[in-house]
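Below is one structure; the comments refer to it alone.
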Amino acid sequence: MDNTIIELKDVTWKTGNKELLKRVTWTVRPKEHWALLGLNGSGKTTLLNLINGYIWPSRGSVTVLGHRFGEIDLRELRQSIGWVSSSLQDKLYGTDKAQIVVISGKYATIGLYERLTDEDLNRAEALMRTMGCLHLWDREFRTCSQGEKQKVLIARALMAGPKLLILDEPCNGLDLFSREKLLESIGELTRQEQAPTLIYVTHHTEEILPVFGHTLLLRQGEAVRQGATGELMNSAVLSEFFEAPVQVDNHDERFYVRVT
Ligand SMILES: Nc1ncnc2c1ncn2[C@@H]1O[C@H](COP(=O)(O)OP(=O)(O)OP(=O)(O)O)[C@@H](O)[C@H]1O
Ligand SMILES: [Mg+2]
């Protein structure tokens, strides 16, 4: 049984005559958490669409959670993948309480149409506690701040028990302190038993927590470098990656980039 989480082999994705992903080869193994770093338009979201089976490779092969695309039911696969992005926020019912937003994640519905069971309530409570948002249990979703909403949405994604959890720029729009709190909750999540494999997508190196031991550097659709985060987060590698001189400072295993 193939137990790799994600395996892309020589994947190209074209639309019209434009190649948005170019010969990407990438393997994510069990127990690894990955950061995916790239500038605007580098192809990060396109890569996530591919992993979720919303787009199909023009060439190369895609295997996710041991299933090769073309051989499995994608709807079934998607139930094992959680995907949190800020665009999801607008799709949910703002007047639902946070607990309903979380519990309905089990059924992947907007709004809850199933009867509440004790089991669901207990699980939602535990997940909201892990994410540090249990105090929002009875709050209308629309009244939550941006950072609070992101925590609720991560708890929602976990409700379905995914094996893979993708966080697409979860700290967008957060102030310095909300961002740190959200990152702390994400760190807490990774310490849980049964934590899913995490893929953390970002523009900012300082958001990459030490638990994200591997990083993929994506530029103009190409996987420029990949490997141990600590080996990539230095001035030489990132200046080459950004094609501009930058200075990287390491504080407590977090990496801060300055344009020089
Ligand atoms: N369906 C499409 N048709 C044509 N071009 C597309 C399509 N989807 C994305 N693109 C283009 O492909 C490039 C990569 O887009 P993508 O959304 O993957 O970037 P990204 O790395 O997620 O950027 P950001 O950090 O801004 O979210 C962009 O130039 C975008 O305009
Ligand atoms: Mg994107």
Side-chain angles (χ1 to χ4, degrees), residues 6-26 28 33-62 64 69 74 78 81-92 146-147 149-150 153-154 156-157 162 164-175 178-179 182-183 186 197-209 212 214-227 229 232-233 237-244 246 248 255-259:
I6 298 173
E7 186 155 41
L8 306 184
K9 281 192 189 151
D10 204 19
V11 166
T12 293
W13 189 68
K14 265 196 220 174
T15 175
N17 55 7
K18 211 168 140 205
E19 288 189 344
L20 298 187
L21 293 174
K22 296 172 198 151
R23 312 200 67 157
V24 175
T25 293
W26 181 33
V28 174
H33 299 298
W34 280 73
L36 179 48
L37 182 73
L39 299 178
N40 293 122
S42 55
K44 301 181 298 297
T45 300
T46 305
L47 190 64
L48 302 181
N49 277 317
L50 189 94
I51 289 164
N52 281 275
Y54 292 111
I55 58 174
W56 206 258
S58 310
R59 74 174 261 180
S61 71
V62 179
V64 178
F69 283 17
L74 286 172
R78 283 186 203 131
I81 305 178
W83 188 356
V84 178
S85 69
S86 40
S87 66
L88 187 61
Q89 288 190 7
D90 312 325
K91 294 191 188 117
L92 296 160
Q146 191 76 1
K149 279 180 179 160
Q150 285 297 72
L153 290 182
I154 294 174
R156 170 184 161 87
L164 173 62
L165 178 61
I166 295 168
L167 304 174
D168 192 0
E169 300 181 34
C171 291
N172 260 8
L174 302 197
D175 68 47
S178 307
R179 180 169 85 162
L182 178 57
L183 291 174
I186 292 170
T197 295
L198 293 188
I199 309 288
Y200 187 97
V201 180
T202 185
H203 304 127
H204 305 293
T205 55
E206 69 269 25
E207 290 175 11
I208 302 175
L209 296 174
F212 293 92
H214 294 78
T215 298
L216 174 71
L217 301 180
L218 201 64
R219 181 181 69 212
Q220 291 173 9
E222 278 182 79
V224 178
R225 293 283 295 267
Q226 55 187 296
T229 301
L232 299 177
M233 297 297 129
V237 170
L238 290 188
S239 295
E240 196 183 303
F241 172 58
F242 290 126
E243 298 178 307
V246 294
V248 179
F255 302 94
Y256 298 80
V257 174
R258 277 180 295 146
V259 178

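As a basis for the values below, the full set of heavy atoms in this structure was taken, side chains included, without hydrogen atoms, waters or symmetry mates. Everything numeric in this text was worked out from a predicted model, so none of it was measured. Just so you know, ligand 1 is whichever comes first in the structure, and atom 1 is the first atom listed for that ligand. Numbers here simply count residues along the sequence, with the first being 1.
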**Q.** atom 10 (N) of ligand 1: nearest protein contact (heavy atom, Å)
**A.** L20 CD1, 3.3 Å
Q | Any side-chain heavy-atom pair of F255 and L232 under 4.5 Å | A | no
Q: Identify, for atom 14 (C) of ligand 1, the protein heavy atom at the shortest distance, and state residue, atom and that distance.
A: G41 O, 3.3 Å
Q | L50 versus P57, closest heavy-atom pair with distance | A | CD1-N, 3.9 Å
Q: For atom 15 (O) of ligand 1, find the nearest protein heavy atom and state the residue, atom name and distance (0.1 Å precision).
A: T46 OG1, 3.7 Å
Q: Determine whether L216 and W34 make a side-chain contact, defined as any pair of heavy atoms from C-beta on separated by less than 4.5 Å.
A: yes
Q. Is any side-chain heavy atom of L153 less than 4.5 Å from a side-chain heavy atom of L92?
A. yes
Q | Which segment of L39 sits under 4.0 Å of ligand 1 when only heavy atoms are counted | A | backbone
Q) Of all the non-hydrogen atoms in the protein, which one sits nearest to atom 1 (N) of ligand 1, and at what distance? A) W13 CH2, 4.2 Å
Q: Would you mind listing which atoms of ligand 1 come within a distance below 4.0 Å of any non-hydrogen atom of H203?
A: 24 (P), 25 (O)
Q | For atom 17 (O) of ligand 1, closest protein heavy-atom neighbour | A | T45 CB, 3.7 Å
Q.
Are R219 and L39 packed together at the side-chain level, in the sense that at least one heavy-atom pair is separated by less than 4.5 angstrom?
A. no
Q: Determine whether N49 and W83 make a side-chain contact, defined as any pair of heavy atoms from C-beta on separated by less than 4.5 Å.
A: yes
Q. To which protein heavy atom is atom 2 (C) of ligand 1 closest, and what is the distance rounded to 0.1 Å?
A. T15 CG2, 4.2 Å
Q: Output yes if T45 passes the N/O/S-under-2.8 Å test against the Mg ion (ligand 2); output no otherwise.
A: yes
Q. For atom 31 (O) of ligand 1, what's the nearest protein heavy atom and its distance?
A. K18 NZ, 4.7 Å
Q: Could you check I6 against I199 for side-chain contact (heavy atoms from CB on, under 4.5 Å), going step by step and ending with a plain yes or no?
A: CA-CA 10 Å; I6 298 173; I199 309 288; 4.1 Å; yes
Q | Shortest non-hydrogen contact between L218 and K44, atoms and distance | A | CD2-N, 3.6 Å
Q. Has ligand 1 got any nitrogen or oxygen that is less than 3.5 angstrom from a nitrogen or oxygen of G43?
A. yes
Q) Can you list the ligand 1 atoms lying under 4.0 Å from a non-hydrogen atom of E169? A) 24 (P), 25 (O), 27 (O)
Q | Heavy-atom side-chain contact between L165 and I154 under 4.5 Å | A | yes
Q) Tell me, which protein residue and heavy-atom name are nearest atom 26 (O) of ligand 1, and how many Å apart are they? A) N40 ND2, 2.9 Å
